[in-house]
Amino acid sequence: MQKHYLLTPGPTPLPPQVQEALGRPIIHHRTAEYRTLFKRVQQGLQAVVATSQPVVVFTSSGTGAMEGAVCNLLSPGDRALVILGGKFAERWRDVCAAYGAQVIPIPVAYGEAVDPEQVRQALKQHPDAKAVFSTLCETSTGVVNDLQTIASIVRATNAVLVVDAISGLLADPCQTEAWGIDALVSGSQKGLMLPPGLAFISLSPKAWALAEQAKNPRYYFDLRAYKKSLADDDTPYTSSVSLVVALDEALKLILAEGVEAFLARSALLANATRAAIHAMGLQLFAKRPSNGVTAVSAPDGVDTKKLVKQIQDRYQVTLAGGQGEMAGKVFRIAHMGYIGAFDLLVALACVELSLVELGASLSPGQGLKAFQSMIGRVPAQAQPASRASAPVGAGAR
Ligand SMILES: *Cc1c(COP(=O)(O)O)cnc(C)c1O
């Protein structure tokens, strides 16, 4: 029997309170009891997304909300600027193309963040652009984009800014309304500490105006139906009741800690993880690293597919490898949601041991030491809030 540790950028481990909520008897979604809960969930989601606008909940993985953004905001033939730089940015490009948009790519090398000036230039060149699509955290490269600056640029034009914050929400700072992000998309299985299965989207008034007129076909993802139902704390179709009940528990945990403190913890763990990686003599893949996931370049001669598999097989610790062209060259460690400092120490110990076995030259313990010295420096108020003790195997901190 071996304890399992999950440190991937989705799905992420579930707190015991969320796990328990998933096992409760189901209730009916057209009841006063459910509406009260759904209203509370709506308020919690608004706090997490940092908006006063409705946050629509779909039963789908995160990509469903990406599709929802495209089909509600664009009409066939509309020009869409898509900021590239990773596998998820490329998904925006592909969804836009599937709905008949004229995609104008803004090229960005893997591992780099977009230079906001590129966005300004692209908008100047294409003043008729309807929308700019970006990722907050590009999970495949571990890069976080400077959405605050990008939003200040897009805001001054007629275009809307659409952001995939599926992994960035609750890991990287994102002031959706204050910065002027027009459509924010997220999912349940990353910072929100839930199983996969829910997706979220919130629109600004500027984006709602587009959604009223867009000519793309849409039915399940038609945001107008959700907005209408939300006025009665309701959903147009059957809600994923058990996941929403679990979301209610997750939001209670997040709001009890406070969104700021939650983000500060991710930042601390990200910093400590980066320090560990440097102390091992390895390089970060991301030039502008996210607080949700650390992508590490493979040391010379090491195939990260082998590294990740070995750590999985031998130690029951799940890390992520590289996607697409980055397969074999990058491995990724998540530090979002319920992943805690001591989960990361376990993961880093496995990385050190396995790298040595795969022939890399490093002396085990250097990374752990650097990680611990960063964690040890934390002022008391920024430390993780104490929680009910987790059962063995539930990803205890
Ligand atoms: C995980 C992730 C997605 C994919 O969402 P699914 O839930 O698999 O549909 C999209 N974008 C980013 C940035 C992600 O991290």
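Reckoned from all heavy atoms, side chains included, excluding hydrogens, waters and symmetry mates. Whatever order the structure lists ligands and atoms in, that order sets their numbers, starting from 1.
When each atom of ligand 1 is checked for a heavy atom of Gly62 under 4.0 Å away, the hits are 5 (O), 6 (P), 7 (O), 9 (O). If you number the atoms of ligand 1 from 1 as listed, the ones under 4.0 Å from a heavy atom of Thr63 come out as 4 (C), 5 (O), 6 (P), 9 (O). Taking a cut-off of under 4.0 Å to the non-hydrogen atoms of Ser61, the atoms of ligand 1 that pass are 6 (P), 7 (O), 9 (O).
Using a 3.5 Å distance cut-off with no hydrogens or angles, the side chains of Thr235 and His29 do not pair a donor with an acceptor. Counting only N and O atoms by type, the side chains of His335 and Thr294 include a donor and acceptor under 3.5 Å apart. The closest side-chain donor-acceptor pair between Ser75 and Asn216, if any, does not fall under 3.5 angstrom. Looking at Ser240 and Thr59, their side chains never bring a donor and an acceptor atom within 3.5 Å of each other. Under the 3.5 Å distance criterion, with hydrogens and angles disregarded, a donor-acceptor pair is assigned to the side chains of Asn72 and Arg218.
Of all protein heavy atoms, the one closest to atom 4 (C) of ligand 1 is Arg91 NH1, 3.3 Å. For atom 1 (C) of ligand 1, the closest non-hydrogen atom of the protein is Lys190 NZ, 1.4 Å. With hydrogens left out, the protein atom closest to atom 3 (C) of ligand 1 is Phe88 CE2, 3.3 Å, a heavy atom. Atom 15 (O) of ligand 1 has its closest protein heavy atom at Thr139 OG1, 2.4 Å. The protein non-hydrogen atom at the shortest distance from atom 11 (N) of ligand 1 is Asp164 OD2, 2.6 Å.
Checking only distances, Met66 never comes within under 3.5 Å of ligand 1, N or O to N or O. Geometrically, ligand 1 and Thr135 share no nitrogen or oxygen pair separated by less than 3.5 Å.
Only the backbone of Cys137 comes within 4.0 Å of ligand 1, judged by heavy-atom distances. The residue Glu138 has no part lying near ligand 1, judged by heavy-atom distances below 4.0 Å. Counting heavy atoms closer than 4.0 Å to ligand 1, residue Ile166 contributes side-chain atoms (C-beta onward) but none from N, CA, C or O.
Checked against the 6.0 Å centroid threshold, Phe285 and Tyr110 do not count as a close aromatic pair.
Of the possible polar contacts, none joining the Ser186 side chain to the Leu169 backbone as a donor-acceptor pair under 3.5 Å is found.
With Asp313 as the fixed residue, the side-chain hydrogen bond (donor to acceptor under 3.5 Å, both in side chains) test singles out one of Lys309, Gln310, Gln316: Lys309.
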Exercise for the section: Could you please spell out the steps behind the side-chain hydrogen bond (donor to acceptor under 3.5 Å, both in side chains) verdict for Arg274 and Asn291? Expected result: CA-CA 10 Å; Arg274 288 172 210 145; Asn291 289 340; 2.8 Å; yes

